Visitor: 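Here it is, the structure, as structure tokens.
Computation of the quantities below employed the complete heavy-atom set of this structure, encompassing side-chain atoms and omitting hydrogens, waters and symmetry-equivalent molecules. What you see is a predicted model, and the numbers here were worked out from it, not measured in a lab. All chains are named by letter (A, B, ...) in the order of the sequence lines, taking the proteins before the strands, and each is independently numbered beginning at 1.
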There are 2 protein chains.
Amino acid sequence: MKTLRVPEATVTRLSIYSRYLERLDRNGVSSVSSGEIADGVGVSPAQVRKDLAYFGEFGTRGVGYNVKDLMRYTLKILGLDRHWNLILVGAGNLGYALCTYRGFNMRGFSIVGVFDNDLTKIGKRINDLEVLPMESMPEIVKDHNVRIGIIATPTRAAQEVADYMIKCGMQAILNFAPLPLNLPEHVEVRNVDLSVKLEILTFNLGFKSAQNV
Amino acid sequence: MKTLRVPEATVTRLSIYSRYLERLDRNGVSSVSSGEIADGVGVSPAQVRKDLAYFGEFGTRGVGYNVKDLMRYTLKILGLDRHWNLILVGAGNLGYALCTYRGFNMRGFSIVGVFDNDLTKIGKRINDLEVLPMESMPEIVKDHNVRIGIIATPTRAAQEVADYMIKCGMQAILNFAPLPLNLPEHVEVRNVDLSVKLEILTFNLGFKSAQNV
DNA sequence: TAGCTAATGTTATTTACTTCACATAATATA
DNA sequence: TATATTATGTGAAGTAAATAACATTAGCTA
């Protein structure tokens, strides 16, 4: 098996292919071509094949791909052939929304601990979880073998929370605070910035208007 | 002024520089170099200068950039030198979180209409807004001159909602449903997929584990 | 005012990513 | 069984983006 560096764009698309394949499978589709996948998710057929080629050969020439098989392969590649327990810090509205977000469960993620340092929030329930004080993090992490943490705090708290998460053993962090975190190399971080995409839209709208003038 | 095509990655970074500059400005910093911006947001100094070069010359050789000026320029480039009214469909937990999200207001965005087709949700209040039925959309859009819509519905409703938004005149859509939308060319769409980034993390954790074995 | 230092703006280089094009292989058909 | 058709997998070509390198210019110092 090849060990080329895999572009992050490829991993992103793989995640999208994977979900598209789940949908096909639910709809009873058993076979699919790179062209159909491409149409379904809005990329080129060559792109689909190239992306898959980083990880092996999954199709049959002249035929296409078996939906169930390819779905399982993509899930496995993404590390989703297993269950992942997560912790989340920040029991505000965003934290609440993330805890109740179905999309995570559907992909094998479970939030097993919600933390906050606000005394008015500690003890409240979200689904079947109680919001806990930060000091409880090490215990939860140990009990549930947690490696990934989600930050849904106000911006000002994010860096401190990230540092504490790492002290508690987190190996990866998903950060919703609009602030670049400063973390050691061995920790994987990805940011979800809710307003950046919105600003790409305003940029493009502005650009269009300018061209019409 | 050059009219090269601007890479989307550049626009994304511009949004991040812009917020970083706002922070510097709030902290009373008046001058900054490309190297300092680079350190602050985690890119290379050359990248910062290259990104800015798409839009003009904003610095002084040997000196650096005036923070307030560059902040204003970046905001203007992104189309954020004005106010943007938004509508949102889907008054669930995610919709609620987005309506109350400070990050939008801080960048000049206001959600002026929240819609749902669920009768149990219509009439409820979010901040100072009442959740309205879908039929009210055209009126709100007209009254507030809205061009951008946010989709925070369950996946199954997203495509239909997007179509209706466009009928109501939306020119751009920010889609939180994990589904590629099928829309006419002239409509700008960006997806915020909450679990894709999480799956990049699990991919990377899996990859690391594999390499250690 | 001449020389030094610092940091921009920009060209050249390198690297990364995407698309193209086609050889290969599987199935269907006559 | 030969032929036509379809769609994969992949090397080559093309495009785009990031990095490096440097010429330029502002400000400082003696």
Visitor: State yes or no: are the ring centers of Y65(B) and F58(B) separated by less than 6.0 Å?
Guide: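 They do not qualify: ring centres at least 6.0 Å apart.
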
Visitor: Return whichever of G59(A) or T10(B) has its heavy-atom-nearest nucleotide of DNA chain D closer to the 5' end.
Guide: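 Final value for this comparison: G59(A).
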
Visitor: If a protein heavy atom is under 4.0 Å from the base, mark B; if only from the sugar-phosphate, S; if neither, -; do that for nucleotides 20-30 of chain D going 5' to 3'.
Guide: BB--BBSS---

Visitor: Separation of D69(A) atom CG from dT8(D) atom P, in whole Å?
Guide: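 That distance rounds to 15 Å.
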
Visitor: Do Q159(A) side-chain atoms and N182(A) backbone N/O form a donor-acceptor pair below 3.5 Å?
Guide: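 Yes; judged by distance alone, with no hydrogens or angles, the pair exists.
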
Visitor: Between L52(B) and E8(A), name the one whose nearest nucleotide on DNA chain C is closer to the 5' end.
Guide: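 On the 5' side of the pair lies L52(B).
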
Visitor: Ignoring backbone atoms, test whether Y65(B) places a side-chain nitrogen or oxygen under 4.0 Å from the OP1 or OP2 oxygen of dA6(C).
Guide: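 No, because none of the side-chain N or O atoms of Y65(B) sits under 4.0 Å from OP1 or OP2 of dA6(C).
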
Visitor: What is the distance, rounded to the nearest whole Å, between atom CD1 of I37(B) and atom P of dA7(C)?
Guide: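 Going from CD1 in I37(B) over to P in dA7(C) covers 12 Å.
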
Visitor: Just the rounded figure in Å: distance from C1' of dT10(C) to CD of E57(B).
Guide: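 Nearest whole value for this atom pair: 9 Å.
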
Visitor: Grab the CZ-P distance between F55(A) and dT10(D) for me, whole Å please.
Guide: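 These atoms are roughly 14 Å apart.
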
Visitor: Using a cut-off of 4.0 Å on non-hydrogen atoms, how would the nucleic acid contact of S34(B) be classed: base, sugar-phosphate, or nothing?
Guide: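 The answer is sugar-phosphate, as S34(B) gets under 4.0 Å only of primed atoms, P, OP1 or OP2.
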
Visitor: Distance-only, no hydrogens or angles: does the S44(B) side chain make a donor-acceptor pair with backbone N or O of Q47(B) under 3.5 Å?
Guide: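 Indeed, once roles are kept as given, a pair shorter than 3.5 Å links the two residues.
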
Visitor: Measure CD/E36(B) against C1'/dA6(C) and give the value in whole Å, please.
Guide: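 The answer, rounded to whole Å, is 12 Å.
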
Visitor: Measure from CZ on R5(B) to C1' on dA17(D) and round the result to the nearest Å.
Guide: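 After rounding, the reported distance stands at 10 Å.
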
Visitor: Rounded to whole Å, please give me the gap between OH in Y54(B) and P in dG9(C).
Guide: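 Taking OH of Y54(B) and P of dG9(C), I get 15 Å after rounding.
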
Visitor: Restricting to pairs with a member in residues 16-30 of chain B, which pass salt bridge (charged side-chain N to carboxylate O under 4.0 Å, His left out), not counting sequence neighbours?
Guide: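 Those involving residues 16-30 of chain B are D193(A)-R19(B), E22(B)-R107(B), D25(B)-K68(B).
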
Visitor: For the pair E199(A) and K197(A), find out whether any cationic side-chain nitrogen is under 4.0 Å from an anionic carboxylate oxygen.
Guide: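 Salt bridge between E199(A) and K197(A), a charged N being under 4.0 Å from a carboxylate O: no.
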
Visitor: Any luck finding a side-chain donor-acceptor pair between N93(B) and Y101(A) under 3.5 Å?
Guide: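 No, Y101(A) and N93(B) have no side-chain donor paired with an acceptor closer than 3.5 Å.
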
Visitor: Taking the side chain as every heavy atom from C-beta outward, state whether T153(B) and F176(B) have any pair of such atoms under 4.5 Å apart.
Guide: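 They are not in side-chain contact.
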
Visitor: Roughly how many Å is it from CD in Q47(A) to C1' in dT10(D), rounded to a whole number?
Guide: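 Atom-to-atom, Q47(A) to dT10(D), this comes out as 14 Å.
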
